[in-house]
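The figures that follow rest on heavy atoms only: side chains count, while hydrogens, waters and symmetry mates do not. We count residues from 1, following the sequence as given.
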Amino acid sequence: MVPTDRLLAFAAMSFLLIVVPGPSVLFVIGRALAQGRRAALTTVAGNTVGAYVLVLAVAFGVGSVVERSVLVFTTLKLAGAAYLVYLGVKAWRGRGSLRAAFAEDVTAAAPGHGGLRTFWEGFAVGVTNPKTIVFFAAVLPQFVERGQGHVAAQMLLLGLVFNVIALVSDAGWGLVAATARGWFARSPRRLSLVGGVGGLTMIGLGVTVAVTGRKD
C-alpha cells in the first residue's frame with residue numbers, strides 16, 4: 001500500500017525524531033534511574049500503547065481532514081514545524097538542567113511503584129507527548145499515497161513503523177540508563193551534551209518539515 005521509498009523516508013524521519021530525548025525518553029530514563037530495568041521497560045510499553053492511540057486518532061479523525069485539505073495540511077505542517085523548532089530551542093537552552101530533572105525523578109519515584117501503575121503512567125506520557133502529537137498530525141499525512149486508497153490503513157502502517165522504532169529506541173535508553181545510573185548522574189557535562197544534541201536535531205527536523213511535503 002505505502003510505496004517502499006515513502007516507507008523508508010518515513011522510517012528515517014521517525015528515527016531522527018525518536019532518538020531526540022523528549023518527554024517520553026526523559027520519563028523512561030527517570031524510571032530507569034529510580035527503579036531499574038523492569039520499571040523502565042514497563043514504562044516503555046505503556047508509552048508505546050499511548051503513542052499508537054495518537055496514530056488511531058490521526059488515521060480516523062484529524063488525518064482524513066488534513067488529507068483532503070491543502071490549506072489545513074499546510075497550516076498544520078507549518079505550525080508543527082514551528083513547534084518542533086521551539087522544542088529544539090527550549091531543549092538547547094535547558095540542556096544544563098537535565099541533571100536536575102533526572103535527580104527529581106530519582107527522588108520522587110516511590111520504590112513500591114506497581115507494574116500496572118507504571119504502565120499507565122507511561123501511557124499517559126505517550127498519549128500527551130506534544131512532540132509525537134505534532135509529528136503524527138503534521139508529518140504522517142505527507143507520506144500517504146492517496147492514489148493507492150486505504151488512507152487510514154496506510155496511516156496505521158506508518159504509525160506501526162514509528163512505534164516499533166520508538167519501542168526499540170526507548171527500551172535502549174531505559175536499559176542504558178538502568179545499567180549506568182551512576183555514570184549519567186555524576187556528570188552534568190554528559191547530560192548537557194544529550195540535551196544540546198537533541199535540541200539541535202529537533203530544530204533541524206522542524207526546518208525539514210517546513211520545507212518538504214506535498215505541493216498540490
Side-chain angles (χ1 to χ4, degrees), residues 1-25 27-28 43-88 119-170 201-202 204-216:
M1 294 189 300
V2 182
T4 303
D5 59 336
R6 290 199 178 196
L7 193 63
L8 292 175
F10 179 79
M13 185 168 279
S14 297
F15 177 78
L16 286 176
L17 181 79
I18 289 166
V19 295
V20 174
S24 295
V25 170
F27 190 72
V28 169
T43 300
V44 170
N47 195 294
T48 303
V49 174
Y52 203 73
V53 168
L54 294 178
V55 175
L56 294 172
V58 171
F60 294 107
V62 178
S64 62
V65 176
V66 173
E67 189 272 332
R68 289 195 299 265
S69 172
V70 176
L71 177 61
V72 173
F73 169 82
T74 303
T75 301
L76 191 55
K77 181 184 77 166
L78 293 178
Y83 192 66
L84 286 172
V85 171
Y86 164 76
L87 289 176
F119 176 89
W120 284 114
E121 287 176 346
F123 175 88
V125 172
V127 82
T128 59
N129 186 343
K131 188 172 71 171
T132 307
I133 292 171
V134 168
F135 184 79
F136 285 156
V139 178
L140 188 60
Q142 295 188 45
F143 291 89
V144 171
E145 181 58 64
R146 289 172 290 159
Q148 298 287 337
H150 305 290
V151 171
Q154 291 186 56
M155 289 187 179
L156 292 176
L157 175 59
L158 291 169
L160 182 61
V161 169
F162 179 97
N163 274 273
V164 168
I165 297 173
L167 180 66
V168 174
S169 175
D170 291 355
T201 303
M202 203 179 306
L205 183 59
V207 173
T208 301
V209 168
V211 300
T212 58
R214 79 187 199 218
K215 303 293 191 295
D216 58 327

Tabulate below the donor-acceptor pairs under 3.5 Å that side-chain atoms of residues 152-160 make, not counting sequence neighbours, or state none.
from   : atom 1 : to     : atom 2 : distance (Å)
Gln154 : OE1    : Glu145 : N      : 2.9
Gln154 : NE2    : Glu145 : O      : 2.9
Gln154 : NE2    : Gly149 : O      : 2.6

Distance in Å, Thr4 OG1 paired with Leu8 CG, rounded so as to fall on 0.5 Å steps: 6.5 Å

To the nearest 0.5 Å, tell me how far Asn163 CG sits from Ile18 CD1. 7.5 Å

Sequence-distant partners of Ser14, side chain to side chain donor-acceptor pair (under 3.5 Å), two or more places apart: none

Scanning both residues in full, the closest heavy-atom pair of Ala11 with Val161 reads CB-CG1, 4.0 Å

If I compare all heavy atoms of Val207 with all of Val85, which pair ends up nearest, and what's the gap? N-CG2, 4.2 Å

Please report the C-alpha distance between Phe136 and Tyr52 in whole Å, then the side-chain angles of each, then the deciding distance to 0.1 Å, and finally whether the ring-ring contact (aromatic ring centres under 6.0 Å, His included) criterion is met. CA-CA 10 Å; Phe136 285 156; Tyr52 203 73; 8.3 Å; no

Nearest-0.5 Å distance that lies between atom CG in Leu54 and atom CG in Leu140: 11.0 Å

Closest approach of Thr132 and Ala51, non-hydrogen atoms and distance? CG2-CB, 4.4 Å

Hey, what's the ring geometry for Phe162 with Phe10, parallel, tilted or perpendicular (30° and 60° as the breaks)? tilted

